[in-house]
Enquirer: 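One structure is given below, represented as structure tokens, and several questions about it will come after.
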There are 2 protein chains.
Amino acid sequence: MEKFSFVDRPSNQRIQLMNGISKNDSTNVELFLNFQWTYRNMQKVYDSILNENDLSESRFIILMFLKNASNHELLPSVISEKLGATRATVSKLLKAMETKGWIIKSSSTTDKRSIPVQLTTKGSKILEKFLPKNFNTVNQLFSSLTNEEIKQFTYLLSKIQKNTQKFASEMEK
Amino acid sequence: MEKFSFVDRPSNQRIQLMNGISKNDSTNVELFLNFQWTYRNMQKVYDSILNENDLSESRFIILMFLKNASNHELLPSVISEKLGATRATVSKLLKAMETKGWIIKSSSTTDKRSIPVQLTTKGSKILEKFLPKNFNTVNQLFSSLTNEEIKQFTYLLSKIQKNTQKFASEMEK
DNA sequence: TTTTTATGATTAGCCAGCTAACTACTTTTG
DNA sequence: CAAAAGTAGTTAGCTGGCTAATCATAAAAA
């Protein structure tokens with residue numbers, strides 16, 4: 001067992017998860033690992049493109065939110081809702097982005113607790129520069145699939161997603 | 001644009017990424033988001049099962065490595081290699097696991113820098129308790145797919161993976 | 001009107017990932 | 001043999017995620 005050595009965690013896990021599982025039972029395990037591995041490698045590539053542009057996924061999304069918002073301005077609480085992250089996380093993210101000059105925080109005239117966040121010209125430029133690269137990267141990542149295969153993949157993902165949500169719902173009971 | 005509000009980040013991103021992209025060009029973007037969303041939701045479910053057992057993915061893998069190792073013992077450097085993570089990360093992970101009594105660290109007789117790590121009975125019990133749940137969870141997650149669909153999905157993942165690696169290789173130049 | 005409850009934003013601490021730096025030890029080179 | 005280079009493990013600091021707590025403010029209830 002120790003004669004195997006890998007540098008990619010999902011592949012590492014393959015050996016582990018299959019341990020003690022008979023050959024007949026390993027189909028789903030293998031699929032799980034393949035899914036995980038393929039996704040993570042793809043995400044790694046995407047993240048490195050983000051990183052080249054001084055962005056992370058959350059930063060990118062927040063910039064987009066602000067770009068599309070009225071007056072390029074949103075409250076942190078709204079951002080946290082839309083992002084699906086906690087206010088604590090958003091607070092830290094915004095702090096760093098403010099330091100970089102991508103956003104400015106101001107005072108609300110209607111609510112003293114609120115601190116509206118506005119996109120700066122600098123922040124806008126970072127975003128504009130990244131968008132075509134984003135588009136190109138995503139297209140490149142799926143460039144090997146035919147239209148028919150894309151349709152199939154979409155269908156299968158949808159099926160897995162529905163089942164996952166069902167499973168998650170049952171787990172909450 | 002602001003009339004949409006989501007609690008799941010990949011879905012959030014959908015709106016953003018599609019902004020400025022014509023309808024004809026959004027297929028790959030949609031696919032990217034679907035892939036991401038489906039995978040992340042599945043991973044979230046899996047992680048919650050790990051969490052119920054006081055485990056994280058890395059902890060689980062490390063326990064498996066040790067379980068399968070000669071004398072249930074490995075060096076941190078070996079673990080970091082097999083896990084595909086840095087020694088710094090492994091050092092912190094092992095520290096916490098030692099605190100929980102899952103592993104013990106000893107002194108190497110052959111190299112004073114080395115600190116062999118051994119699985120304890122407690123650690124072994126944690127693992128044994130989790131393994132059937134691991135198996136059941138993975139099976140449940142793909143229970144909606146037919147054998148034919150599993151084959152299709154595997155093929156498509158493989159295709160994406162190969163292309164991703166090609167893309168990653170080109171990026172390194 | 002006053003008190004209680006809810007809300008906005010921030011911070012501390014935890015986790016797991018990383019990089020960089022460090023100390024102690026081992027191996028290689030000159 | 002001594003010096004240089006390499007290696008094992010750890011720590012500090014950063015990031016982005018979380019929970020819990022906190023303070024100030026606003027809204028609801030009494």
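Chain A is the first sequence line, chain B the second, and so forth, proteins listed ahead of strands; every chain is numbered from 1.
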Enquirer: Nearest-Å distance, CG (L50(B)) to P (dC15(C))?
Expert: 16 Å

Enquirer: Using 30° and 60° as the class boundaries, would you call the ring planes of F153(B) and F153(A) parallel, tilted or perpendicular?
Expert: parallel

Enquirer: Looking at K95(B), I'd like to know whether one of its side-chain N or O atoms comes within less than 4.0 Å of OP1 or OP2 on dT11(D).
Expert: yes

Enquirer: Just how far is it from atom CD1 of I115(B) to atom OG of S107(B), taken to the nearest 0.5 Å?
Expert: 7.0 Å

Enquirer: From the options dA16(C), dG16(D), dC18(D), select the nucleotide whose nearest atom is closest to the side chain of A85(A).
Expert: dC18(D)

Enquirer: Check this for me: K95(B), atom NZ, are more than 12 non-hydrogen atoms of other residues, nucleotides or ligands nearer than 6.0 Å?
Expert: no

Enquirer: Between L83(B) (CG) and dA16(C) (P), how many Å, whole number?
Expert: 11 Å

Enquirer: Parallel, tilted or perpendicular: which fits the ring planes of Y46(A) and F32(B), with parallel below 30° and perpendicular above 60°?
Expert: tilted

Enquirer: OP1 or OP2 of dC18(C) less than 4.0 angstrom from a side-chain nitrogen or oxygen of T86(B), does that happen here?
Expert: yes

Enquirer: With a 4.0 Å cut-off on heavy atoms, is S108(B) in touch with a base, just the backbone sugar-phosphate, or nothing at all?
Expert: nothing

Enquirer: Determine whether the aromatic ring centres of F35(B) and F35(A) lie less than 6.0 Å apart.
Expert: yes

Enquirer: Between dC18(C), dG17(D), dG9(D), which nucleotide gets closest to the side-chain atoms of L93(A)?
Expert: dG17(D)

Enquirer: When all nucleic acid strands are considered with a 4.0 Å heavy-atom cut-off, which category describes K92(B): base, sugar-phosphate, or nothing?
Expert: base

Enquirer: Side-chain atoms of residues 49-56 of chain A: list all donor-acceptor pairs with protein atoms under 3.5 Å, sequence neighbours left out, distances to 0.1 Å.
Expert:
| unit_1 | atom_1 | unit_2 | atom_2 | d |
| --- | --- | --- | --- | --- |
| N53(A) | OD1 | K133(A) | NZ | 3.3 |
| N53(A) | ND2 | I49(A) | O | 2.8 |
| D54(A) | OD1 | K100(A) | NZ | 3.4 |
| D54(A) | OD2 | K100(A) | NZ | 2.9 |
| S56(A) | OG | R59(A) | N | 3.3 |

Enquirer: As an exercise, state the distance from CG of L119(A) to CG of L74(A), rounded to the nearest 0.5 Å.
Expert: 10.0 Å

Enquirer: Does the protein touch nucleotides 20-26 of chain D at the base, only the backbone, or not at all? Give it as B, S and - per nucleotide, heavy atoms under 4.0 Å.
Expert: B---BBS

Enquirer: Quick one: is dA16(C) close enough that its OP1 or OP2 comes under 4.0 Å of any side-chain N or O from S56(B)?
Expert: yes

Enquirer: Whole Å only: how far is the CE atom of M97(A) from the P atom of dG16(D)?
Expert: 9 Å

Enquirer: Mind checking what makes salt bridge (Lys or Arg N to Asp or Glu O under 4.0 Å) contact with K92(B), not counting sequence neighbours?
Expert: none

Enquirer: Return no unless some side-chain N or O of T89(B) is found under 4.0 Å from OP1 or OP2 of dC18(C).
Expert: yes

Enquirer: Do the side-chain N or O atoms of S58(B) get closer than 4.0 angstrom to the phosphate oxygens (OP1, OP2) of dG17(C)?
Expert: yes

Enquirer: Give a yes/no on whether any side-chain N or O of K44(A) is located under 4.0 angstrom from OP1 or OP2 of dG17(C).
Expert: no

Enquirer: To the nearest Å, give me how far apart CZ (R59(B)) and P (dC14(C)) are.
Expert: 13 Å

Enquirer: What is the distance, to the nearest angstrom, from the CG atom on N51(A) to the C1' atom on dT19(C)?
Expert: 12 Å

Enquirer: Nearest-Å distance, CZ (F60(A)) to C1' (dG16(D))?
Expert: 17 Å

Enquirer: What integer distance in Å separates K100(A):NZ from dT15(D):C1'?
Expert: 11 Å

Enquirer: What is the distance from CG of L74(B) to C1' of dG9(D), rounded to the nearest Å?
Expert: 15 Å

